[in-house]
Q: 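The structure that follows is given in the form of structure tokens.
All values derive from a computational prediction rather than experimental measurement.
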Amino acid sequence: MDERLATMFDFDPSGALISSLIIMVIVAVLAIVVGILAKRADPTKAPTGLLLFADYFCEKLQNWVHDNMGDNWDNFPGYFMGLASYLFLAFIWSITGLPGPIDNLFVPLSLAIVMLILIHYTALKYQHLQYFHRYVEPIFLFLPINIISQITPVLSTTLRMFGNGLSGTIIIGLVTWALGIAGNVYLVDFISGETTALAYLAVIPVGVLNLYFALFSGFIQTLVFCSLNAVWIANERPEDYMGVEVQATRGPELKAQAI
């Protein structure tokens, strides 16, 4: 019985999970440190150092949320700040030599599920009972198809992030292998008899590829995912129609219902 309980509660975290937890701890610690610095800062003096960077980041992110989602989204800059910080660090984490979280399918899937929850929470908050009308348009027989269409953002964003993250790892591995063979230098393990190519020619190319896939591609993918979040969430809010706040409903044609 004891062995069964030990097996049931046995927890063997993967490298991607450990990396993800480390990144979350780093983001949390930075947020706490910035909060402490902000409380102790003199409001009559310009911020410096880490506080200056945090202030610049917050201002740019608030403007970005305003440009992509409109007004009256006061709670979402904080969400996008945490999301962008975590996602960018997750994409560049492979530079440390540790497993990258994005290479694990469950990490982008978890982020996409959080996005889906926020989309439907916003829809319920603003559309109320009209929210359920989307599932039976144009007739009730389309219910299964409409349910699948609501899950599509999760699948598309998950596979996009996972594919972009994994593609960089695969390309770097192939370049390292090819340049190792081209170098024609091998290390021999005299115990096992196996030979390993010494990829001394791959140092500079792999370093450049790491910088590209980690920094540039990571920034682009972070911006794309955050933008999709902002657009899809903002689409669930009532629009300003002819000076009257209206409730948008989905259907063959966009309908407006005054509230």
Q: For N68 and A234, work out which heavy atoms get closest and say how close.
A: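 Answer, listing the atom of N68 first, then A234: O-CB, 4.4 Å.
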Q: Distance from F80 atom CZ to F225 atom CZ, nearest 0.5 Å?
A: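 Going from CZ on F80 over to CZ on F225, the span is 9.0 Å.
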Q: With heavy-atom distances below 4.5 Å as the criterion, would you say the side chains of M161 and V224 are in contact?
A: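 A side-chain contact is absent here, since even the closest heavy-atom pair is not under 4.5 Å.
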Q: Atom CG of L155 and atom CG of L109: how far apart are they, to the nearest 0.5 Å?
A: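 Rounded to the nearest 0.5 Å, the CG-CG separation comes to 8.5 Å.
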Q: Kindly compute the distance separating CG (L129) from CG (L124), expressed to the nearest 0.5 Å.
A: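 Nearest 0.5 Å value for the CG-CG distance: 9.0 Å.
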Q: Please check if F57 and L50 belong to a single hydrophobic cluster, counting links between Ile, Leu, Val, Met, Phe, Trp and Tyr side chain heavy atoms closer than 4.5 Å.
A: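 Unlinked, F57 and L50 end up in two clusters.
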Q: Starting at CD1 of I113, measure out to OG1 of T157 and round the result to the nearest 0.5 Å.
A: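 Result: 9.5 Å between the selected atoms.
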Q: Answer with yes or no whether the hydrophobic clustering places Y56 together with M81; edges join I, L, V, M, F, W, Y residues whose side-chain heavy atoms lie under 4.5 Å apart.
A: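 Not linked; separate clusters.
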Q: Might you point out which heavy atoms bring P108 and T158 nearest each other, and give the distance in Å?
A: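 Looking at all heavy atoms of both residues, the shortest contact is O-OG1, 3.7 Å.
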Q: Would a hydrophobic clustering, with Ile, Leu, Val, Met, Phe, Trp and Tyr connected at side-chain separations under 4.5 Å, put I18 with L111?
A: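 Yes; tracing contacts between hydrophobic side chains, which count when under 4.5 Å, links both residues.
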Q: Identify the heavy atoms of F91 and Q221 that sit nearest to each other, and give their distance.
A: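 Minimum heavy-atom separation between F91 and Q221: CZ-CB, 3.5 Å.
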Q: I22, V33: one ILVMFWY side-chain cluster at the under-4.5 Å cut-off?
A: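 Cluster IDs for I22 and V33 differ.
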Q: Any link between L51 and I36 through a network of hydrophobic side chains (Ile, Leu, Val, Met, Phe, Trp, Tyr) touching at under 4.5 Å?
A: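 No, because L51 and I36 fall into different hydrophobic clusters, even though each may have its own neighbours under 4.5 Å.
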Q: When the ring planes of F88 and F219 are compared, do they come out parallel, tilted or perpendicular, using 30° and 60° as the limits?
A: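 Taking F219 first and then F88, their aromatic rings stand perpendicular (interplane angle over 60°).
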Q: Does the side chain to side chain contact (heavy atoms under 4.5 Å, CB included) test come out yes or no for M69 and W64, once each step is laid out?
A: CA-CA 8 Å; M69 302 182 70; W64 180 86; 5.7 Å; no
Q: For S156 and P153, work out which heavy atoms get closest and say how close.
A: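 For S156 versus P153, the nearest heavy atoms are OG-O, 3.2 Å.
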Q: If you look at every heavy atom in P77 and V65, which pair is closest and at what distance?
A: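 So the minimum-distance heavy-atom pair works out to CA-CG2, 4.1 Å.
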Q: If you define the side chain from C-beta out and look only at heavy atoms, does anything of S149 sit under 4.5 Å from I145?
A: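 Sidechains of I145 and S149: no contact.
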Q: Has the side chain of S20 got a donor or acceptor atom that lies under 3.5 Å from a matching backbone atom of L17?
A: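 Flag not set: sc S20 to bb L17 has no pair under 3.5 Å.
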Q: Once rounded to the nearest 0.5 Å, what's the spacing between atom OG1 of T48 and atom CG of D55?
A: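 If we round to the nearest 0.5 Å, T48:OG1 and D55:CG are 11.0 Å apart.
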Q: Do the side chains of F132 and Q127 get nearer than 4.5 Å, heavy atoms only?
A: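 No. Closest side-chain heavy atoms not under 4.5 Å.
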Q: Which atom names give the shortest non-hydrogen contact between E236 and I119, and what distance separates them?
A: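 That closest heavy-atom pairing would be CG-O, 3.6 Å.
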Q: Just verifying a value: how many Å separate T222 OG1 and L83 CG, rounded to the nearest 0.5 Å?
A: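 One finds 8.0 Å between OG1 of T222 and CG of L83.
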Q: May I ask you to decide if the ring planes of Y79 and F76 are parallel, tilted or perpendicular, using 30° and 60° as cut-offs?
A: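 Perpendicular.
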Q: More than 12 non-hydrogen atoms from neighbouring residues, nucleotides or ligands closer than 6.0 Å to OH on Y135, yes or no?
A: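 Above 12, so yes.
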Q: T122 versus N235: any side-chain heavy-atom pair under 4.5 Å?
A: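 A side-chain contact is absent here, since even the closest heavy-atom pair is not under 4.5 Å.
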